[in-house]
Amino acid sequence: FCFKNSRDQFHKNTRWVLDRAFPNLSFDEQLKKIWLTEGRLCSIDREIGNFHDEYCAEKYLSSQLNLIPNVKVIAFGNKAHQRIKKIEGKIKNSFIKAHSLAPPGCNQKQAKPSWIEAIDWALK
């Protein structure tokens, strides 16, 4: 519901990326072409700030990514990219970093160009 109705800036930006990548598909068809997941798959006390979650990234994120080896991964935001870097040698996926789809990162001037670059890379 939130993505389909673009509830907030994160959902609007995610829909923009999907529409850019798959412009001739309905939202439901677009969802069959991608896999969205959280970068952190463990409960946490604090979301903001430094994090040391080698266990979560190694145990859960790498397990998910290894279910679909050799697909391209876009890490939206610094935290997602840092988590992917921690498990880089344990996955068989190539990845690229792009600006966050959520505020405040999505409000930076370089955000949309980074999304376009990542989409173009992923669709090659």
Side-chain angles (χ1 to χ4, degrees):
F1 176 82
C2 292
F3 283 105
K4 197 167 203 166
N5 296 305
S6 297
R7 183 174 174 98
D8 59 22
Q9 194 62 47
F10 169 71
H11 297 104
K12 287 176 189 171
N13 291 338
T14 303
R15 288 296 306 274
W16 185 91
V17 167
L18 292 173
D19 289 341
R20 172 85 183 200
F22 309 108
N24 299 319
L25 299 180
S26 70
F27 176 66
D28 291 333
E29 292 170 324
Q30 290 171 340
L31 290 180
K32 294 176 183 176
K33 302 266 185 199
I34 63 151
W35 183 14
L36 294 171
T37 190
E38 294 288 331
R40 181 173 180 106
L41 297 162
C42 289
S43 298
I44 57 173
D45 295 329
R46 240 174 54 130
E47 180 179 344
I48 298 172
N50 288 338
F51 56 91
H52 303 283
D53 69 344
E54 283 92 21
Y55 175 79
C56 288
E58 188 172 325
K59 174 94 174 146
Y60 299 108
L61 185 57
S62 65
S63 294
Q64 279 192 7
L65 292 173
N66 284 326
L67 289 173
I68 49 172
N70 304 315
V71 298
K72 295 180 178 178
V73 175
I74 301 174
F76 288 101
N78 288 329
K79 290 178 187 174
H81 183 251
Q82 290 170 1
R83 288 183 181 106
I84 293 285
K85 289 291 287 178
K86 286 181 182 190
I87 60 172
E88 184 174 12
K90 296 176 168 83
I91 58 174
K92 296 179 177 115
N93 309 85
S94 55
F95 61 92
I96 190 170
K97 178 183 177 185
H99 275 66
S100 175
L101 295 170
C106 70
N107 297 323
Q108 296 179 8
K109 183 178 179 181
Q110 308 90 339
K112 197 170 275 188
S114 80
W115 304 339
I116 293 169
E117 179 183 347
I119 294 164
D120 290 347
W121 170 82
L123 294 176
K124 283 183 191 175

Revision key, fill the gap. Across all chains, not counting sequence neighbours, the side chain to side chain contact (heavy atoms under 4.5 Å, CB included) partners of P113 are none
Review point. Got a second to check how far K33's NZ is from L25's CG, nearest 0.5 Å?
Key: 6.0 Å
Point to revise | Inter-residue atom distance S63.OG - I91.CD1, 0.5 Å rounding | key: 11.5 Å
Exercise for review: Evaluate the side-chain proximity of W115 to L101: yes if any heavy-atom separation is below 4.5 Å, no if none is.
Suggested key: yes
Point to revise | Partners meeting side-chain hydrogen bond (donor to acceptor under 3.5 Å, both in side chains) with K85 (sequence neighbours left out) | key: E88
Review point. Within a radius of less than 6.0 Å around NZ of K72, do more than 12 heavy atoms belonging to other residues, nucleotides or ligands occur?
Key: yes
**Study point:** Separation between CD of Q108 and OG of S100, rounded to the nearest 0.5 Å
**Key:** 9.0 Å
Exercise for review: Evaluate the side-chain proximity of I84 to L65: yes if any heavy-atom separation is below 4.5 Å, no if none is.
Suggested key: yes
Check your understanding: Can you list the residues that meet the side chain to side chain contact (heavy atoms under 4.5 Å, CB included) rule with I34, with sequence neighbours excluded?
Key -> L18, F22, L31, L36
Practice item. Answer whether the closest heavy-atom distance between the side chains of Y60 and T37 falls below 4.5 Å. Key: no
Study note, to complete from the structure: By ring-ring contact (aromatic ring centres under 6.0 Å, His included), H99 pairs with (sequence neighbours left out) none
Practice item. Taking salt bridge (Lys or Arg N to Asp or Glu O under 4.0 Å) as the test, write out the residues that go with K90, two or more places apart. Key: E58
Review point. Which pair of heavy atoms, one from C106 and one from A111, lies closest together, and at what distance?
Key: O-CB, 3.5 Å
Check your understanding: What heavy-atom pair brings A75 and A80 nearest, and what distance separates the two atoms?
Key -> CB-C, 3.9 Å
**Study point:** Side-chain donor-acceptor contact under 3.5 Å, N13 with Q9
**Key:** yes
Study note, to complete from the structure: For S94, the side-chain hydrogen bond (donor to acceptor under 3.5 Å, both in side chains) test, sequence neighbours excluded, returns none
Check your understanding: Can you list every pair that meets salt bridge (charged side-chain N to carboxylate O under 4.0 Å, His left out) and has a residue in residues 97-124, with sequence neighbours left out?
Key -> none
Review point. Under the side-chain hydrogen bond (donor to acceptor under 3.5 Å, both in side chains) test, which residues partner N24, sequence neighbours left out?
Key: none
Check your understanding: How far does CD of Q64 sit from CD1 of I87, to the nearest 0.5 angstrom?
Key -> 9.5 Å
Review point. In the hydrophobic clustering that connects Ile, Leu, Val, Met, Phe, Trp and Tyr at side-chain heavy-atom distances below 4.5 Å, which members other than I68 occupy its cluster, ordered by chain and number?
Key: W35, V71
Check your understanding: Counting N and O atoms only, with roles assigned by atom type, does the side chain of N107 sit under 3.5 Å from a partner on the main chain of P103, one being a donor and the other an acceptor?
Key -> no
Point to revise | Inter- and intrachain pairs under salt bridge (charged side-chain N to carboxylate O under 4.0 Å, His left out), touching residues 15-30, at least two apart | key: K4-D28
**Study point:** Non-neighbouring partners of F10 that pass ring-ring contact (aromatic ring centres under 6.0 Å, His included), sequence neighbours left out
**Key:** F3
**Study point:** Distance-only side-chain donor-acceptor flag, H81 / N78, under 3.5 Å
**Key:** no
Revision key, fill the gap. Correct closest heavy-atom pair for I74 and A98 would be CG2-CB, 4.0 Å
